[in-house]
Amino acid sequence: MAVRPQGLGMLIMNPVALFILYTESAMPGSVLKIVPPSDFDLARDVCSYGYFVLLPNYWDVKNQTLSRVLEFDQAPSACVIDQRDDGSLRVRFDRRLDRGEQASARVQISRMLNLDHDADDTRAFHRVDKRWKKSGRARLFRSPTLFEDVIKTVTSCNVAWPNTVNMNRRLCEVCGRKSASGAYSFPSARKLSRTRVGTLRGRCRVGYRDQRIVDLAKLFVKGHVDERWLADEGTHDDEVFGFLVTLPGIGPYAAGNIMQLLGRYSRLAIDTETIRHAKTVLGYSGSDAQITKKIRAHYEPFGEHKFRSYWFEIWRFYEGKAGPSHTWERDQVSTTFTAANL
DNA sequence: GGTAGACCTGGACGC
DNA sequence: GCGTCCAGGTCTACC
């Protein structure tokens, strides 16, 4: 990959740019090759959900690569992921990984890119909703860990999108660990379980979410959130939803969103954005309660896939306003992401 | 079961 | 530059 010249001023102003230049000009670390399912498309499948613009994720529009820092027991490591002409993924790290770390990296990347979701899953979705067959959309981007997905969801509740962007940036900068290339990881559950609520409020600006984030982290550390059970096909969606709403800071919207991040698409995550979508795109009117009822009826035919049908409708609306999502510059998207701003 | 108000931040707005 | 208002989902108290 070619080294792209960048000004020193940009490096000073933008630590992510520093990371990109470093990783593209000198990759002293491990390189992994991952063979994804045949229908996987890095640009389309990364740029499919808003979390791809939240730190520590960084989508490099020019190079069409995903960069971020992954957490390992000993030390974090930054990586850059690109897709080769043969469809395989190349993952370059900023330091050498031992065998255990390489195995962990594969698990984290597989979760993040939804690589367990194979072509059969895609076909099943497209049989129910043919609108996305041509584009191939079926996967939704997520985090390397369920914990990060849960915290990102909590930081997206009751705030405008720019605040969510800032909270995640500060969580990484204040509580994350620095990689060899200078970029920060997303803080682990263990780290946040030991972080003072005053730090979260004062430095990360998470507001009243401070205690809830610490409590959530403690639940993860103590093993009270069993991802294996939550992701198990034998566990009914109602059981998962019922458990999630017992977690601090998780209400009906957040639980519905976490369910899709677990690969369970049978429920909607209805928020003000959904209502806006229903009014402006679907043409519904009435009180919020009436509109919510219409929304549920509208997506009911999509059954087990209804969240994806709903989400890709919203995503198409955003792309209609702002262009293809793989061309969205993070700083631009940080301030103009919701339909209210588009 | 339904509803009202508090929680907290940051942007928009008026002065 | 300052003060005020508002949006956003969850939680708690109350009816």
Side-chain angles (χ1 to χ4, degrees), chain A residues 49-51 53-55 143 146-175 187 192 195-220 224-225 238 240-262 264 267-281 284 286-293 295-296 299 307 310-311 314 317-318 321-322 330-342:
Chain A
Y49 192 66
Y51 291 2
V53 298
L54 297 180
L55 281 181
S143 302
L146 175 61
F147 176 69
E148 184 177 330
D149 273 339
V150 169
I151 300 302
K152 277 184 158 54
T153 299
V154 169
T155 63
S156 73
C157 289
N158 202 28
V159 286
W161 180 250
N163 288 13
T164 303
V165 172
N166 285 333
M167 278 187 245
N168 278 274
R169 177 176 55 79
R170 287 169 176 146
L171 280 171
C172 294
E173 292 173 355
V174 174
C175 304
L192 285 180
T195 302
R196 292 170 52 200
V197 290
T199 300
L200 292 178
R201 181 174 296 218
R203 298 182 63 198
C204 302
R205 312 293 291 168
V206 300
Y208 64 86
R209 300 164 194 79
D210 54 0
Q211 187 65 59
R212 296 172 189 176
I213 288 174
V214 172
D215 290 345
L216 279 166
K218 286 178 177 172
L219 288 171
F220 271 85
H224 293 167
V225 182
D238 292 344
V240 174
F241 187 84
F243 170 77
L244 292 174
V245 293
T246 68
L247 297 175
I250 307 299
Y253 161 76
N257 194 56
I258 293 168
M259 287 188 71
Q260 68 89 1
L261 293 163
L262 283 162
R264 296 175 179 271
R267 284 176 184 262
L268 300 173
I270 296 177
D271 61 0
T272 52
E273 196 65 7
T274 321
I275 302 296
R276 188 177 296 117
H277 176 72
K279 288 178 179 174
T280 59
V281 178
Y284 293 161
S287 67
D288 285 0
Q290 290 170 326
I291 290 175
T292 298
K293 208 171 178 178
I295 289 168
R296 293 196 185 285
Y299 292 105
F307 183 89
Y310 153 70
W311 184 255
I314 283 204
F317 174 75
Y318 291 159
K321 297 285 185 181
R330 190 195 59 181
D331 291 343
Q332 172 198 352
V333 173
S334 296
T335 54
T336 59
F337 194 70
T338 64
N341 292 327
L342 283 168

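Residue numbers begin at 1 in each chain, while the letters A, B, ... track the order of the sequences.
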If I take atom [atom1] in residue [X] and atom [atom2] in nucleotide [N], what distance separates them, rounded to the nearest angstrom?
{"X": "Asn166(A)", "N": "dA7(C)", "atom1": "CG", "atom2": "P", "answer": "21 Å"}
{"X": "Asp210(A)", "N": "dA6(B)", "atom1": "CG", "atom2": "C1'", "answer": "15 Å"}
{"X": "Arg209(A)", "N": "dT9(B)", "atom1": "CZ", "atom2": "P", "answer": "9 Å"}
{"X": "Ile213(A)", "N": "dC8(B)", "atom1": "CD1", "atom2": "P", "answer": "13 Å"}
{"X": "Trp161(A)", "N": "dG9(C)", "atom1": "CH2", "atom2": "C1'", "answer": "15 Å"}
{"X": "Asn168(A)", "N": "dG10(B)", "atom1": "CG", "atom2": "P", "answer": "13 Å"}
{"X": "Asp288(A)", "N": "dT3(B)", "atom1": "CG", "atom2": "C1'", "answer": "15 Å"}
{"X": "Tyr208(A)", "N": "dG5(B)", "atom1": "OH", "atom2": "P", "answer": "18 Å"}

Quick one: does any side-chain atom of Thr155(A) pair with a main-chain N or O of Thr164(A) as donor and acceptor, under 3.5 Å? no

Just N and O in the side chain of [X]: are any of them under 4.0 Å from OP1 or OP2 of [N]?
{"X": "Arg201(A)", "N": "dC7(B)", "result": "no"}
{"X": "Arg276(A)", "N": "dA7(C)", "result": "no"}
{"X": "Thr272(A)", "N": "dG9(C)", "result": "yes"}

Should we say atom CZ of Arg170(A) is surrounded by more than 12 heavy atoms from elsewhere, each under 6.0 Å from it?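 Yes, CZ of Arg170(A) has more than 12 neighbouring heavy atoms, counting only those of other groups under 6.0 Å.
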
Is any side-chain heavy atom of Val159(A) less than 4.5 Å from a side-chain heavy atom of Arg209(A)?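 Yes, side chains in contact.
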
Can you tell me which nucleotide in dG10(B), dG8(C), dT10(C) comes closest to the side chain of Arg212(A)? dT10(C)

From the set dG9(C), dG10(B), dT10(C), return the single nucleotide nearest to any side-chain atom of Asp271(A). dG9(C)

Tell me what Leu200(A) touches on the nucleic acid: a base, only sugar-phosphate, or nothing, going by heavy atoms under 4.0 Å. nothing

Using a 4.0 Å heavy-atom cut-off, does Asn163(A) contact any base of the nucleic acid, only the sugar-phosphate backbone, or nothing at all? base

Looking only at N and O atoms, is any donor in the side chain of Tyr253(A) or the base of dG8(C) less than 3.5 Å from an acceptor on the other one? no

Evaluate side chain to side chain donor-acceptor pair (under 3.5 Å) for Asn257(A) paired with Tyr49(A), printing each intermediate quantity in order. CA-CA 11 Å; Asn257(A) 194 56; Tyr49(A) 192 66; 2.6 Å; yes

Under a 4.0 Å N-O cut-off, is there an ion pair linking Arg203(A) with Asp210(A)? no

